[in-house]
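Here the structure is a predicted model, which means the values were calculated and not measured. We use all heavy atoms of the structure for the numbers below, so side chains are in, but hydrogens, waters and symmetry mates are not. Each chain gets a letter, A, B and so on, in the order the sequences are listed, and its residues count up from 1.
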Amino acid sequence: MQKSFFVTTSIAYVNSVPHIGFAMELVQADVLARYHRLKGEKVFYETGTDEHGIKIFRTAADLSMTPQEMVDKNAQRFRDLTKALSISNDFFVRTTNPDHKRGAQKIWQKMAENGEDGKKDIYKGTYEGLYCVGCEAYVLEKDLVDGNCSIHKKPPELLKEDNYFFRLSKYSAQIKELIETDKLKVVPEARKNEILNIIGEGLPDVSFSRPNSMLPWGVPVPGDESQVMYVWCDALSNYITGIGYNGDNEEQNEMFKTFWPAQVHLIGKDILRFHAGVWIGMLLSAGLAIPENIYVHGFITSEGQKMSKSLGNVVDPFEFTEKYGIDPVRYYLLKEIPTTDDGDFSKERFLGVYGSDLANSLGNLVYRVFSMNEKYFEGKIVKKALSAPATLTAPLPELIARYHASINDFDLKSALELVVKLMNAGNEHVEISKPWALAKTDMDKLAEVMYQLLELIRIIAVLLSPFIPTTAEKILAQYGESGKVSDAVGGLDTALIWGQLPEGLQLTKGEPLFPRLEE
RNA sequence: CGCGGGGUGGAGCAGUGGUAGCUCGCAAGGCUCAUAACCUUGAGGCCGGUGGUUCGAGUCCACCCCCCGCAACCA
């Protein structure tokens, strides 16, 4: 049976417009999705937007819009971002979709049914908190200044409200064990330890709903129209509602059976506790399988400083993709930002990487080799070489094995570094074998060298295709049909075997892949 | 005594017990197929500090110093 692979990003909160951090998350997940598709697996890649909650409600009011108008407008920007980055997502879930709402209500019901009478997983309780009328929200004691709300300079009121709670504490020990034993694998290790630390003292029950009167913008609690779901309950359930967990559609149920549980939830480090804690608890309560992996990436600083609107240094992903192209941005995010650690986005480094890695190492290699082949053999492949250049740091199959291992360990940066090694080896091979000299003395040897270079470039392009797909396609297109990587089972593995290019193949030389930047 | 992450050549990083590596930058040389691209060589580090474990520590232990997150927009 064909293996399935379900990968998700977190869903973006549409209170604002997208920035480079979410762009990175999309791109990282896209690499995984594309990689597994090339491996011949049945892939479903889901991303989307989180559109409920008090902040949205309030921001919309400030802008004199209805919440729906505002989320429609902002969600479109996130959809645009997937296009701007060549993201290959199969679905874009929105938590305001009727399908999603039905699914969220369904999992709520399952959870509510679980547990013995009097000790159900969802129970009614009283939430007590300090409420600031000015903020129209609960504030925490530690945020008060001299007992006053720091913004409105007035003391908050002690309010009580009825709402529902989720008995997360019941699942605390079980969740801990799942993470300890890697049945739910949290990557990297440091984040696994962190979450185990948090759970160590036991997870508390969580408030799971709000009175409609306080928060009118959310999914209604089934059977109690006076309450709406806590945003995290609503938001987390997107991972199953997006693949058809909502009950009344056969085709969608089939999809759910195929793709659940997810292989990978890709998230930022700030929301680990919700995913490794609350979400797992919800699934256990509802009797659903739990995801296999949670991959956690870090944050991006801008020019060495934390991105913030007040500093005005928020990096707009659209600005860079429009100006420099999609793949340079993808490449930077994947190679220059550590996959699971914090990294920095600086324009200077971006331009440096564009020049050295993309224009020089890769672009120039492709261009010079195709130019030579055109010059010496009219663009034809005249003789097969049986093996890769001996200048590689390790045998090609070993390098490729390490590439696969890196991707499967969610170390995308290392995988790309291996490919860069191959680019360098290609350029080195040109220097050592001196085709321009061979052209005068030994055409037979020259033909072999050209084959080695062309085959190496083809393999480089295949290896790059999950990362910078547009560029990879451009390169592979120069080989015509022989450059295609079939989506059939084992497509990627076959394409990575040395010697796929046949003798007599006519090649087409392309334009330089990454033109030198003028500034 | 809060929690977590980190301090390695000019910059950015890798390196979890056995002669300190990578990329960029810099210097010199080479080449001419190529997008002034490519290749080679070199300079540059007492691996934050102190003490300890060990035949041997950047790598383990203890203590100390410094930087960054843990409030908000936000991944």
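- At the heavy-atom level, I432(A) lies nowhere under 4.0 Å from the strands shown.
- Separating the C1' atom of C26(B) from that of U32(B) is a span of 24 Å, rounded to the nearest Å.
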- Task: Report the C-alpha distance between N74(A) and N15(A) in whole Å, list the side-chain angles of each, state the deciding distance to 0.1 Å, and finish with yes or no for side-chain contact (heavy atoms from CB on, under 4.5 Å).
- Result: CA-CA 7 Å; N74(A) 285 351; N15(A) 197 28; 6.0 Å; no

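- The one candidate from T9(A), I337(A), T340(A), T339(A) that meets the side-chain contact (heavy atoms from CB on, under 4.5 Å) condition with Q28(A) is T339(A).
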- Query: Can you give the dot-bracket line for RNA chain B, where a pair is Watson-Crick or G-U wobble with both atom distances under 3.5 Å, crossing pairs use [ ], and | marks a partner on another strand?
  - Reply: .(((((((.[[[[.)..(..]]]].(((((.......))))).....[[[[[..)....]]]]])))))).....

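- Spacing between C31(B) and A20(B) at atom C1', rounded to whole Å, works out to 32 Å.
- M307(A) comes within contact range of at least one nucleobase, with a heavy-atom separation under 4.0 Å.
- One interatomic measurement links the two molecules: CG of L334(A) to P of A75(B), which rounds to 19 Å at whole-angstrom precision.
- Note on A12(A): only backbone sugar-phosphate atoms sit closer than 4.0 angstrom, heavy atoms only; bases stay farther off.
- When the options L333(A), V419(A), I407(A) are evaluated for a side-chain contact (heavy atoms from CB on, under 4.5 Å) with F467(A), the one that passes is I407(A).
- Separating the CD1 atom of I337(A) from the C1' atom of A75(B) is a distance of 12 Å, rounded to the nearest angstrom.
- When the P atom is used for both C66(B) and G48(B), the distance is 16 Å, rounded to whole Å.
- Taking the P atoms as reference points, G6(B) lies 11 Å from C60(B), given to the whole Å.
- A straight line from NZ of K335(A) to P of U23(B) spans 10 Å, rounded to a whole angstrom.
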- Under the salt bridge (charged side-chain N to carboxylate O under 4.0 Å, His left out) criterion, do K413(A) and E417(A) qualify, and how do the steps go? CA-CA 6 Å; K413(A) 178 178 158 75; E417(A) 280 168 357; 3.5 Å; yes

Taking N or O atoms only and anything under 3.5 Å, show me the protein contacts with nucleotides 11-16 of chain B, one pair per line.
| residue | atom | partner | partner atom | Å |
| --- | --- | --- | --- | --- |
| G12(B) | O2' | R349(A) | NH2 | 3.4 |

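- A75(B) atom P lies 12 Å from atom CE of M24(A), rounded to whole Å.
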Under 3.5 Å, N/O pairs linking protein and nucleotides 27-36 of chain B:
| residue | atom | partner | partner atom | Å |
| --- | --- | --- | --- | --- |
| C33(B) | O2 | R368(A) | NE | 3.0 |
| C33(B) | N3 | R368(A) | NE | 3.4 |
| C33(B) | N3 | R368(A) | NH2 | 2.5 |
| C33(B) | N4 | R368(A) | NH2 | 3.0 |
| C33(B) | N4 | E431(A) | OE2 | 3.3 |
| A34(B) | O2' | N364(A) | OD1 | 2.5 |
| A34(B) | N1 | R368(A) | NH2 | 3.4 |
| A34(B) | N3 | N364(A) | ND2 | 3.1 |
| A34(B) | N3 | R368(A) | NE | 3.2 |
| U35(B) | O2 | F514(A) | O | 3.3 |
| U35(B) | O2 | R516(A) | N | 3.3 |
| U35(B) | N3 | F514(A) | O | 2.9 |
| U35(B) | O4 | G363(A) | O | 3.4 |
| U35(B) | O4 | L513(A) | N | 3.1 |
| U35(B) | O4 | F514(A) | N | 3.4 |

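- Take Y354(A) and apply the ring-ring contact (aromatic ring centres under 6.0 Å, His included) test, not counting sequence neighbours, and it matches F514(A).
- Evaluation of the ring-ring contact (aromatic ring centres under 6.0 Å, His included) rule for H100(A) yields no partner, not counting sequence neighbours.
- Relative to the ring axis of F299(A), K269(A) places its NZ or CZ within 45° and under 6.0 Å from the centre.
- In this structure, R94(A) is not positioned above the aromatic face of F78(A) in the sense of NZ or CZ being under 6.0 Å from the six-membered ring centre and within 45° of the axis.
- For the residue pair N427(A) / E431(A), no side-chain donor-acceptor distance below 3.5 Å is found, with atom types taken as modelled.
- With rounding to whole Å, D50(A) atom CG is found 15 Å from C73(B) atom C1'.
- L272(A) places its CG atom 19 Å from the P atom of C3(B), with the value rounded to the nearest Å.
- Toward the 5' end of RNA chain B, the nearer of the two residues N193(A) and N424(A), judged by each one's closest nucleotide, is N193(A).
- Between F370(A) and Y479(A), the ring centre distance stays below 6.0 Å.
- Here the C1' atom of nucleotide A75(B) and the CG atom of L81(A) are 12 Å apart, to the nearest Å.
- The separation of U50(B) from U41(B), taken at their C1' atoms, amounts to 40 Å, rounded to a whole angstrom.
- Across the P atoms, U16(B) and C61(B) are found 14 Å apart, a figure rounded to whole Å.
- By the salt bridge (charged side-chain N to carboxylate O under 4.0 Å, His left out) test, E46(A) pairs with no residue at all, sequence neighbours left out.
- C13(B) and G5(B) have their C1' atoms separated by 15 Å, given to the nearest Å.
- When the P atom is used for both U8(B) and U40(B), the distance is 28 Å, rounded to whole Å.
- Here the C1' atom of nucleotide C24(B) and the OH atom of Y331(A) are 12 Å apart, to the nearest Å.
- Enclosure of atom NZ in K384(A) by more than 12 non-hydrogen atoms of other residues, nucleotides or ligands within 6.0 angstrom is indicated.
- Aromatic pair F345(A)/H19(A): centroids not less than 6.0 angstrom apart.
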